[in-house]
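Okay, structure first, notes after.
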Amino acid sequence: GGYSTEQMKILFEIPQSAVGSGYTLFKWQKSLGNLLAVAGTNRIVCIYNRQGNQITTLTLPGLCTSLDWDKDGEILTITQDFNGILYMWNSNTNELTKLDTGMKEGLSLSLWSKYSHLLAI
């Protein structure tokens, strides 16, 4: 069976000011589920812990088009529509790596394998 709304508990709420108006993307950390990545139309990705505390913010040159965690929940990949740069945030070190894919236009999707450290862009 599924979950009823009576079993669900609100952990925290994210204010609209954190994401801008319009669509919102979000992705819970795989494996551990301790972190939540959220992006909206303001070109900022916010990372929250389970208590709703903001861990970090990442500013993008364009609108976020996808968020995905690797199978271990260590690396968050972020694609954006401005250029071919792939953003990779390490949850253990809080370091952001920018990978130039060589694409001239923005990226629309990144997706990690469920079984290994393979990434499709």
Side-chain angles (χ1 to χ4, degrees):
Y3 291 98
S4 72
T5 54
E6 296 164 2
Q7 294 172 312
M8 293 184 188
K9 178 176 102 175
I10 295 176
L11 296 177
F12 59 91
E13 294 183 23
I14 298 170
Q16 182 178 352
S17 60
V19 293
S21 61
Y23 73 89
T24 302
L25 301 174
F26 63 93
K27 192 72 106 172
W28 278 106
Q29 181 185 36
K30 291 179 187 168
S31 186
L32 302 172
N34 290 328
L35 299 175
L36 176 68
V38 180
T41 55
N42 61 357
R43 295 189 275 189
I44 295 174
V45 176
C46 299
I47 312 291
Y48 296 91
N49 65 15
R50 284 185 73 81
Q51 292 73 40
N53 300 316
Q54 195 172 70
I55 302 300
T56 193
T57 58
L58 311 167
T59 303
L60 304 175
L63 295 175
C64 181
T65 54
S66 76
L67 301 165
D68 200 30
W69 293 93
D70 73 341
K71 71 179 187 73
D72 301 321
E74 180 181 354
I75 305 293
L76 172 70
T77 54
I78 305 161
T79 57
Q80 42 76 39
D81 69 355
F82 184 75
N83 58 32
I85 304 294
L86 176 72
Y87 290 75
M88 302 175 78
W89 180 72
N90 186 311
S91 64
N92 294 329
T93 63
N94 197 25
E95 291 181 12
L96 182 65
T97 302
K98 299 175 185 178
L99 177 68
D100 188 348
T101 65
M103 304 285 287
K104 298 290 183 224
E105 299 188 13
L107 303 173
S108 58
L109 179 69
S110 66
L111 189 63
W112 285 99
S113 167
K114 292 181 181 180
Y115 308 106
S116 65
H117 287 106
L118 289 175
L119 177 66
I121 303 171

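Predicted model, so just to flag it, every value in this text is computed and none were measured. Values below: all heavy atoms of this structure, side chains included; hydrogens, waters and symmetry mates excluded.
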For the residue pair Asn49 and Asn34, establish whether any side-chain heavy-atom pair is separated by less than 4.5 Å. no

If you look only at distance, which donor and acceptor atoms sit under 3.5 Å apart when one is on a side chain in residues 36-45 and the other is two or more places apart or in another chain?
unit_1	atom_1	unit_2	atom_2	d
Thr41	OG1	Ser21	N	3.4
Thr41	OG1	Ser21	O	2.3
Asn42	OD1	Ile44	N	3.2
Asn42	ND2	Ala18	O	2.9
Arg43	NH1	Pro61	O	3.3

Enter the distance from Thr56:OG1 to Asn94:CG here, rounded to the nearest 0.5 Å. 4.5 Å

Determine the minimum heavy-atom distance between Leu86 and Ser110, stating which atoms define it. CD1-CB, 4.1 Å

Distance (rounded to the nearest 0.5 Å) between Ile121 CD1 and Thr77 OG1: 7.5 Å

Side chain to side chain donor-acceptor pair (under 3.5 Å) partners of Asn83, counting only residues at least two apart: Gln80

Check whether the side chains of Thr65 and Thr79 place a donor and an acceptor atom closer than 3.5 Å, and report yes or no. yes

Can you give me the closest heavy-atom contact between Cys46 and Thr57, atom names plus distance? SG-CG2, 3.9 Å

Give me each pair satisfying ring-ring contact (aromatic ring centres under 6.0 Å, His included) with a member in residues 84-121, each pair once, sequence neighbours excluded. none

For Tyr48, all residues meeting ring pair (Phe, Tyr, Trp, His ring centres under 6.0 Å), sequence neighbours excluded: Phe12

Taking ring-ring contact (aromatic ring centres under 6.0 Å, His included) as the cut-off, I'd like each qualifying pair that reaches into residues 54-85, sequence neighbours left out, listed once. none

For Lys27, enumerate each residue passing the side chain to side chain donor-acceptor pair (under 3.5 Å) test, keeping only those at least two apart in sequence or located in another chain. none

Determine the minimum heavy-atom distance between Ser91 and Gln29, stating which atoms define it. OG-NE2, 3.8 Å

